[in-house]
Each structure stands twice: as structure tokens, then as C-alpha cells.
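No experiment lies behind these values; they were computed from the predicted model shown. Proteins come first, then strands; the chains are lettered A, B, ... in the order of their sequence lines, and each starts at number 1.
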Amino acid sequence: MLRRVPTRPRSPEKPRQPDGGRGNVLQRIKLCVVLTFPSHSSGYHVSANSTAAFRAPAASPHFPTLEEQVLAFWDQHSIYEQSLARRANAPTFVFYEGPPTANGMPHPGHCLTRAIKDVFPRYKTMRGYRCERKAGWDTHGLPVEVEVGKELGIHSKEEIEAYGVEPFIQKCQSSVWRYMQEWQTLTRRLGFWVNLEEAYVTYHQSYVESVWWSLKNLFDRGLLYQGHKIVWWWAQGGTALSAGEVGQGYREVADPSVYVLFPLVDQPERSLVVWTTTPWTLPSNMYAAVKPDLEYAVVKDSETGQELVLAAALVESLAGKLKRELTVIETISGESLVGQRYQPPFDDYHSRLNDPTGELVAGGEESLYWRVVAADFVTTDSGSGLVHLAPAFGEIDYEVLVTERTRFVDGQRPELLCAVGPNGKFTDEFASMKGVWVKEADKTLTRTLRESGRLLHLEQYLHDYPFCWRADDDPLIQYPRESWFIRTTKFRDLMLKNNSKIGWQPEHIRDGRFGNFLESNVDWALSRERYWGTPLPIWVCQSTGRMEAIESYEELLAKPGVDGTQVWDNAKAANPELPDDLRVHKPYIDSVTYDSPFESGARMQRVSEVIDCWYDSGAMPFAQWGWPHQNDAQFQEQFPADFISEAIDQTRGWFYSQLAISTMLFGEGASIREAGTKANELAPSRDSESDYPHPFRNCIVLGLMLSQWYESAGKEGQAKTVLLSEAEADQAEGKFTKKTGKMSKSLRNYRSPSEIFDKYGADAMRWYFFANQAPWNSIIYADQAIRDSIPEFLLRLWNTYSFFSIYAEIDGFDPTSATDVDEQLSPASLASAPTYRPISERSEIDRWIHSELHRTLATVINRMDAFDNYNACQAITNLLDGLSNWYVRRSRDRFWAPDSDSPDKHDAYWTLYEVMLELTKVIAPFVPFLADTLWQELTAPFGDKALKSVHLCDFPKPDATRVDQKLSDSMRLLREIASMGRSARADAKLKVRLPLSKVEVILTDDSAIDWLQSHDALVREELNVKAVDYTTDGGDYVQYTIVPNFKRLGPKVGKNIPVVKKMLGEADGNQLLTQLQTAGFVELELPSGPLKLDGEDIEVRLQAREGWAAAQGSGCVVVLNTEVTPELRREGLAKDLIRGIQSQRKELDCQYTDRIQVAIETSDAELQSAIEEHRTMICGETLADELVIGTLANAQQVAIEGGELYVAKVSGK
RNA sequence: GGGCGUGUAGCUCAGUUGGUUAGAGCGCGUCGCUGAUAACGACGAGGUCCCAGAUUCGAGUUCUGGCACGCCCA
């Protein structure tokens, strides 16, 4: 369709004050007819006949469409690859990608992490570093198995085995890529530049072998060992459940709560009162725990005469339960109980083991079992203050056993007593109840205890207890499983040391959450009894039980008598599609056996476990390269990382796994090993001190992502209605309340990222993430919030460009007159244009915006180098505000000036052009799409001379010589004066259209007066006044008050500050000021002696006196002369009239060049004379051919102040 | 129960080493501009800086103790 340019040419005969007519402008105007695409298909109007260097863009661009064009452009010209190639020999900035798992849909949280992961590498690349960005995928683990299980409709391990491990893991392998397409789309659309083609994948053979190498390294150093881990166990299903699964299955049940008597061996009349809610664990009792610093009481049971020991604080409550008196006969400390032996509640282990003793490491002997131990976790919140410990069935209990074991010499340590089998039933160890399911044994057990006189009290107890999420009726039990551990506790101090050197954002992570986590480090439980994971590379001699670790498939194949590889070969032959990577996975790897080096004739077979997939991710710094088996150069160069970022939930995940593995393998930690083990030959030895931190130097820890939505009150029984924007909620029926909280798939309380991209674009989302809050705060992902960043930033910037191009088109500004430009159009090279004058020769406002630009550059670089995107963005926003709301606004007249060849006009263009170019480079890492669009627009006149993309440019460098701090300060003052003036007008109800004769500006000192005076045209125009006076002598208008400069005087005067303040406040401010101005100081008589204060010690404040139309700021008071003379009033009336006529023009749909006729019907003499007096101005401004007092036929009539207005288009023109 | 974090305007958030008028954006109100125009600008109202104590001449900021919310771990 054809239509007129919306960015219309100026009306040719419209004179403008104060410099009169601009008829000559007419000749320069091209009335171009433009062709527009239907809306949203493009951001541009295509000029049919324009030969100008710049074209005016559409007023209101559709950013998503522009972004798609930029994406296509990046692809077409391989911009990302070029950006890397340009830095081929540059120093590195190393980025590690924390691998996401592609078998789940990407969600908004990933947009944030990926945006942050993008902005710093882009920034650093522009700053001259080579930043490779290797993508990665986390592919192993239970979530994958669960996903596949769902698909197959199977749950338990038995079902998986029945289905077949081989087809199962094949399905896992392909399932991993299920949402690949979505991930790729999101990554691309967001503008996250990352090398997806060469991504590392945790199931790939090279990756697995790197992990194997590291595990062998640890194994050989004695750091990998087998032990027990107490897990939540589903006895019926024969499997352990992850924390997440357990969390799903809690519900409230009643369990028995029993108080049992443990008679002391040395004082049989005295019994410990021990409390438990799981009677079935009592046969496996090993210890009773007390808190050493707690007070315990020995009480006499009035009924039985027995002496009972329990926490003093709980005597009363127990007496209440027993409904009888307990007389305290002695109080003792918990400490004194420690070591006391008792008779366990059931005799089976006791009689079979014969109450053994063991030799202590510290010398001497002690009973292995059934004695009181000290434990800090004992409380008096409930129970008796004495806790029954059955380490087989509780994690805390088990830790006590581990500690106990360290007290005894090797070979004489207490064993784990466990009378329950993996099926949840009692074993031979507790023969009397063999085969009974433990949860059904409680009744029988308590009866037995009652019969033996050991049961003091029984009651029911309501609490939350976990059940299997797959089988509701099956309660879980805590149960010990054999497991492989990494001795990370040995590296605790080194990990802390390493951690202390990491640049955490926010800092509190170091000593807070992460530091605390390291402090309480426990050995890493590495193994998983599952199927789809990195197989634990340990082979066991079937005869001797001795083991060795393998670091690669090749090493395995080279073993003597190797057998079993045909299982893989057959599978591959049967199905050539199978990825070779599967051969290092279950079940194929399990079938590979070889001759034992430990005993002739024996065979070596792999242990059955796979490993925790967190280990996979933590091995990424070297495993992504397949190191050490290959790519040594890449690894050495790309280690450690300069920057990583993930959300806070990775504290115990990727942050820890990386730090732990790196600390153990590299640097100082590499030499640590158990006595009698092999040295670590493979790991590169790095200098211990200088190499911390590794494997990452800086880490931004992102906050949680929340959503905000509108929810209907929802009547009972009805589903809640969820709406995502305020507008929708306003329109909908019923009452909606605003909610902020976690994103929930079932509630659908957030928009999918693709919707956001389509509606507002990736830049809007990115800028919102970067510029609205420090990244570690929780970030609200809401439609409205993201949309807001468009007018706040993107559109503002666009409008500034739009302004520039409109004028550039009209004036034919052509930057290619700079013939010696470099490819980045750097400021220095623009100077080759004949019309480009040195900045120092340009007007104040040009120098000012340059100064602001370079101040901003310094800030942005400073902040970004500190990984502080938030404040960097704040600085950019400020600059844009200055550019758009001051520079452009105040320079309009210069762009509009009739002489298109005047140096001042050239200055204006070159200044705006240069600032736009530099600003475009600055925003490139943050909003890469808009930046590239602008870059291409701004550089279009240069064609191939300029770089194709802004992302190939260098980040601008601040030039200190262009920063004029004084000018920046003065301009701030000037803007404040203008603002004060407007405020005073508003207060006095004197609208800006009414000219005033004068304003007086009273300042505290005269330092800025000269400068201000030379710029008073600016103020005059802003405030529509005829004159501005500057003075420090406020006279009648102002009350001066003097306050101490606290920061300076505080340390000097100390306690006397209030006195000084009071004296200064009570003295006559005007007089003090005079004294200060004449003598250079003021003197106060303090009680402690005289005190001389100079100008620096005190601060002069101004207070406008009552009765003046005045407004005050921090350093100035602006007073209006409110006298309105008849002349001024008439000028005001004329301006009002112009405003009225212009509105009517708009009403009439006038083009800017349309001529009109105007008539005013009024009996107001003043208005009539105003019209006569300002006729020329009125007609000029409004393009009126005719202006009469009277009426006009066929014209709209509207009421104006003092009469009626008629406006009609002049036809035929 | 433990650890960590957060609490500042109606909303979303800034606030550097303690310094005396606590800021921004949005929203709201008033006004302006009408040659950046389905834009834009100005001005304004709006605060017990969660509470209580302590340190200090001075606390949104430091310390102690609460309260509320969130996350992680038990």
C-alpha cells in the first residue's frame, strides 16, 4: 500500500521563534512517497526515491520481527564464528557451560541462566578476548530412567530387569535428545551464542573415559572406598529412593512411641530411659546417646522402686505420662553417663557376640557395643533425653558408628548390627521373629518388652512418615546399603581454601551457603544401583575380592584374557544404528571380564554400580575435552574457567562437584593419598598457591525465578482461573488477585519463553533480566515486567535513532564524507570528514554528551569487569536518558536550523552520530539484536567499508580527555534549575505557555555563575522567560542556614557536633555567610574553646522564603517574577490559541503541509488585540492562510477560552 | 530443628567505607508538547527503611534479640 511518510517533512513556511522564517527549508525537503509492508512484517519503510544516506524508520518497530531478521543475518554471515575468528590469537577468557539436561523442556529459568551466560562472553569478546563457548549436555541419571519408565509404563527395578537392561538403556540414550529441538530453538532465539555443534555430551565414550581416568586416579590413591550408606529404602520394590521421590510421599501416620528401660551393667537397679518411635529397630540397638552438657536426673519410680535416668527437664512430663510420682534423688551431667554400659533391650546380639571389647587407638580397651555415647543432636524437645541408636536405620545414628569406629584400632572395630534383610523382614540375626515385616513387628516387640519388664511407657504418636510414591501402602524404611564413597573429607580444608579465592557474586555465598556446606563436608556417596549412568570402572577379582580401576576402554581391551566384548559386537551387528558410545555402558561393559592379576585362574568382573551423575557434571572441566586421553592443549588452555554461572540450587550440585573434583585432582590436592598407595602420576602438578581458585574463578549465583499472575478468588469446588497479565485480569469477570510465587506447570502460571519472544522479543527479556535487579535476587518472570522494558529502554533508544535518521534524511547528512574511516567507524577515524570538527571546538552540549558518554564507558567497563551487569545497565540507562531527554531535546533547533551547511549543524550531526555508534557498541552484549539492527542502519552508508555486525567490533574505550567533570556537574545544575523553575511555575499555577519576564536563580556560591550565564538561553527557553539573573545574594527571597559538614567535622569535633549544629542553626545564617565570604571562615565559641570553621567545614543551605513563587533544590533556589504584564498576557493568549488551532488541525486530519483558514468569534478585547499583535506568529505556526475575527461556514466550531474557534482546511491545495 | 538469604513508596527494586532532604522505573494525579506524535516531556503526591534494644556526636547501613517470608538441608 502507498501512504505518506509518517515521519513527515516539515511544513515549509512555518516560521519558528526566535530565529524567524525558514522558507529555504522548503527546497531541501523531499516529499517522498514510501512503500510500507503490512504491519509487523518489517520495521522499515522503503523509500521509493530517496538518495539520502539514511532513511527514516517506522515509528513503532516490531522487535520480534527485527530479531528474526538479525538471526537470519547472523546465520547467513556466520557472525558468531567471525567474532571468534577475529580473536584467534587473543588472550583467552574461559567460560564453562554447566550442562543442562535436554530430556526436560526448557523453561523460563533457563532463559535467565542462558542470558547471563551470554552477556559476559559477548562483552569479553568485544573487549579483546577469545572466548570459546562449548555447549554441553547432561545426559545420565535417574530422571532419564524415570522418563523412560513412564513411557514404558514400568517403575521398579524388577520391571526394568524384566524388560531388559539392554533395550532400556538404548531407550535412555535416545530419550536424552527428546527436547533437543526446543533447547536449540530457545538457545538460538534468545541470542545465546554457544557452540552447539561441538557440545560435550556426558554419555559419549570420550567423556566417560575421562571420568574413568579421574576415578582410577582417586582409586589408586586410596580415596575411593566401600562403605554403608543409610538410604530411604523401598523394601517391597528392593530399591532406594532419591530425596525428591521421598519428599513426594510423606503423610501423617500414628506410630508407637515407646519409653524403654536399659539397665546399667554396673548398677542394675538403675536404668536408662530410652525413647524411640521405631520399636522394630530395638533388636539392632548399638548405643544410647546423651548430650554431654545436658543435666540428667536420677529419679525413683514410686511404683516400682526402680531408679530411672533421664533428662532433668523431662522428668515432669514423663511423670505426667506415667501418672505417678518420680522423685529426683540425684542430678548428674550427661558427660558422666558417657561410657556407661547397659543391657540391650533384646539379648540376641548380646549373647551371640558375647559383649566384645576392642583396643582403642588412644590405648586401652572399651566395649564395642551397648554403652552410652555423647551426641550433640540429642534434645529435650521430646522423649527422654536419651536416644536409642540403631546405626543401620538412621543416618545420624550411622555417623555415630563411623565416629566410634575411628576410635578403635583396625580389625577390632564395631560392626554394623542389622537384624533386618533388604526385604524389610527380620533375618536369622533375630531368629524369634524371622520373616516378619518390620512394620508389623512393633506390637509383638512391645509385648515382649512389657513381659520382660523393660517397657516403661507406650503411647501413640502422630507424625509425617514417607511412603513409596509408586505404591501408596508401602512405608519406606531407612536401610543400610553398600555404597562407594570418595574420601572428600580429606580435602575439606583444601576445598575451603580453594573456595576462599573464588569471586562469588553475591559474595555471601563464599562464607555463607557454600562455605558452610564445605565445612560440614561428608564423604561423597558416589555409587548408584541404577542402569543409565557412567559405569563405575572397578573390576573385582572373583576369587580374592581384590580390585583395580580401569581408565579407558582401550586399557580394558588390552587386559589378558579379555572376554565378553562380543556382547557389544553382536548388539552392534544386529543394530548398526547403535551409537558406539553405548559400549562403555551397562549392560555391555558388565560382560567384559579378564584374567585376574591377583590369582591365577580367577577372573576380573566389573562391580555393578553406576555413578552419581553429579560427578559427571563436575568432571566437565577436563572431560569436555576427553582429557587426558586427548586434547591436552585445549584442556591446558581452557583451565580454569574465568566465568561460570548457574542458579543457587547448584550450590550442592555443579558448584560443589566441580570444586571437589578439581581440588582432589589438580594442584595441591593431587599429591594427597592414603598411606601405601600409588602416587598420582597422571594429574598435572600445578603450583599449589598461585593456582587457586580452580576450576572456576568467578561465579554469578542466580536467584530463583518466580512468576507473577492473577488468580480468581475461585469458588469452592471450582478450578482457579489463572491469567497472566493485568489487562486480561481487568477485562475478565470476577475478582482477580495478584500473586507472586513459584512457577508451576500444573497451574500454568507463566508464559512460555516462545510466547514472550513472539510478543516482545528476546532483547526485551534480556534487558529486563540484566537491568532490573541484581541477578542473585529472585527475579519475577512476568508478562508485564518484560513488556515494560520496551518503552523504558528499547523504544527510547529506537526513537532517538529515529529522530536522528529523520533529520539526517532531510538534511542529507552523509557520514561517508569521512573517507578514512576504519571498519569500526571509530571516533578517531570519523575525524577524516571535512565537516567533522574537534570536540573541543563544538558547543557546550556536544562536549557535554561526549563527556557523559565517556564517563558511562568507564563505568560500564568497571562494572562489567566486576561481573556486575546490573549497575552497568544503570549507567547505560542514564546515558540514554541524557541523550534522549536532554541532548536531543535541547538540540532540536540545531537540527532544524535553516543552514544545512553551518558548522554548528554539522557538529550536531557528528555528535549524535558518533554517540549513537558508540552506544550501539556498548549495548551490543546486552541487547544483541537491537544493537545489530542499529549498527546496520547507522553504518549502511559505508557499505562494505564498515564491519557487517556490531558484534565484530571492539568495545569502546573511555577517553579521559573527553570527560569534563566540571561540565557534567554544571549541566546537572542547569537541568536542576530548569526543573526548579517548572516546579515553581506549577506551584504558582503559571503555565509554561505564559511567558514571564524574569527568573532569579540564587546559588550558594558563585563558582558556576559565569558558565550558567553563558547558557541562559537554554534556561530561558526551557522556562519561557525573557531573562534569567544569577546571584549568590538571595536578599529577600532566601533564608540561609548553615549546617556542619558532618562527614568532615565528625571526626574533628566528635561529641560537640550537636552543639556546633545548634549554634550554627541558631545564628543568623545570612550574617554567617557574609562573614564566611569576607573572612574566609567563621568562628564559634564552644564551651571547650573557640572553633574556626572554613568553607569546607560547613554547608550553606538555601530556603526559599514564604511569599515568593520559588522552588528550591539542593544547591539553588529559583524565584519567578510573577508579574504578568498585558504584553506577556497577550503573548500567552496567542500561544494558547496556537495550541487550540493545532489541535483542530489534528482533528481535521491535516497533513503537515495543508493550509487552513481560521476564524475566532470573540468579544474579548484582549484576545482580539493578542491576535492582531501576534498574527504573523499564529499564522506561521499553524499554516493559516486566513485569520479573522468572526465565524466560518462549514467549519468545526470549538470553544476556547474567551470565544469560539473555527478551523477549516483550505481546499484544492 | 539447623544454615543461608530477603524485608526500603501502591507495585518491582537500587542504596558503595555510618554523615543528617532515602532514590529509580512502573502505576497514580496534574500539567505540558503536538515537526520523535498510536510517541514524548515536566511536575507532584506517596516512606515509622519489619519490630525492639545496643554501639555512636550521628544508624536504612554496624551489633544483639525477635517477627514475617523464601530457599537449602535435616
message = Let's see if you can work this out: which of B:C40, B:C4, B:G19 has an atom nearest to the side-chain heavy atoms of A:N516?
response = B:C4
P atoms of B:U17 and B:U6, separation to the nearest Å = 14 Å
request  = Determine, using ring centers only, whether A:Y807 and A:F813 are less than 6.0 Å apart.
outcome  = no
inquiry  = For the P atoms, the ones on B:C69 and on B:U64, what distance do you get once it is rounded to whole angstrom?
reply    = 23 Å
message = So, does A:S983 get its side chain near the phosphate of B:G44, meaning an N or O under 4.0 Å from OP1 or OP2?
response = yes
task = Check every atom of B:A42, B:C71, B:C26 against the side chain of A:E792 and return the nucleotide holding the closest atom.
result = B:C26
5′-ward residue of the pair A:D1136/A:N1045 relative to RNA chain B = A:N1045
ask   = Checking A:S805 side chain against A:Y801 main chain: does a donor-acceptor pair fall under 3.5 Å?
value = yes
query = Are the side chain of A:S979 and the backbone of A:R975 linked by a donor-acceptor contact shorter than 3.5 Å?
reply = no
task = For A:S884, answer base if it contacts any base atom (sugar-phosphate contacts may also be present), sugar-phosphate if it contacts only those atoms, and nothing otherwise; contact means non-hydrogen atoms under 4.0 Å.
result = base
message = Given B:G19, B:C26, B:A36, identify the nucleotide with an atom nearest to the side chain of A:I806.
response = B:A36
remark   = Regarding the side chain of A:H508, the nearest nucleotide among B:G5, B:G19, B:C72 is B:G5
query = Using a cut-off of 4.0 Å on non-hydrogen atoms, how would the nucleic acid contact of A:R652 be classed: base, sugar-phosphate, or nothing?
reply = sugar-phosphate
task = Quote, to the nearest angstrom, the P distance that separates B:C63 from B:G1.
result = 25 Å
inquiry  = Within the 4.0 Å heavy-atom criterion, would you say A:R796 contacts the bases, only the backbone, or no part of the nucleic acid?
reply    = sugar-phosphate
message = By the 4.0 Å heavy-atom rule, please label A:K1061 as base, sugar-phosphate, or nothing.
response = base
query = With respect to the phosphate group of B:C57, does any side-chain polar atom (N or O) of A:N1056 fall under 4.0 Å of OP1 or OP2?
reply = no
task = When you get a sec, tell me which of B:C71, B:G19, B:C26 is the closest nucleotide to the side chain of A:I1057?
result = B:G19
message = Quiz question: going by heavy-atom distance under 3.5 Å, is there a donor-acceptor pair between the base of B:C40 and the side chain of A:R889?
response = no
request  = Tell me whether the centres of the aromatic rings in A:F514 and A:W504 are closer together than 6.0 Å.
outcome  = yes
ask   = Side-chain N or O of A:R892 less than 4.0 angstrom from OP1 or OP2 on B:A36?
value = yes
ask   = Taking N and O atoms by type only, does the side chain of A:K1047 place a donor or acceptor under 3.5 Å from a partner on the base of B:U17?
value = yes
task = Classify the nucleic acid contact of A:V1043 as base, sugar-phosphate or nothing, counting any heavy atom under 4.0 Å across all strands shown.
result = nothing
request  = Would you give a per-nucleotide map of nucleotides 8-13 of chain B, 5' to 3', where B means the base has a protein non-hydrogen atom under 4.0 Å away, S means only the sugar-phosphate does, and - means neither?
outcome  = ---SSS
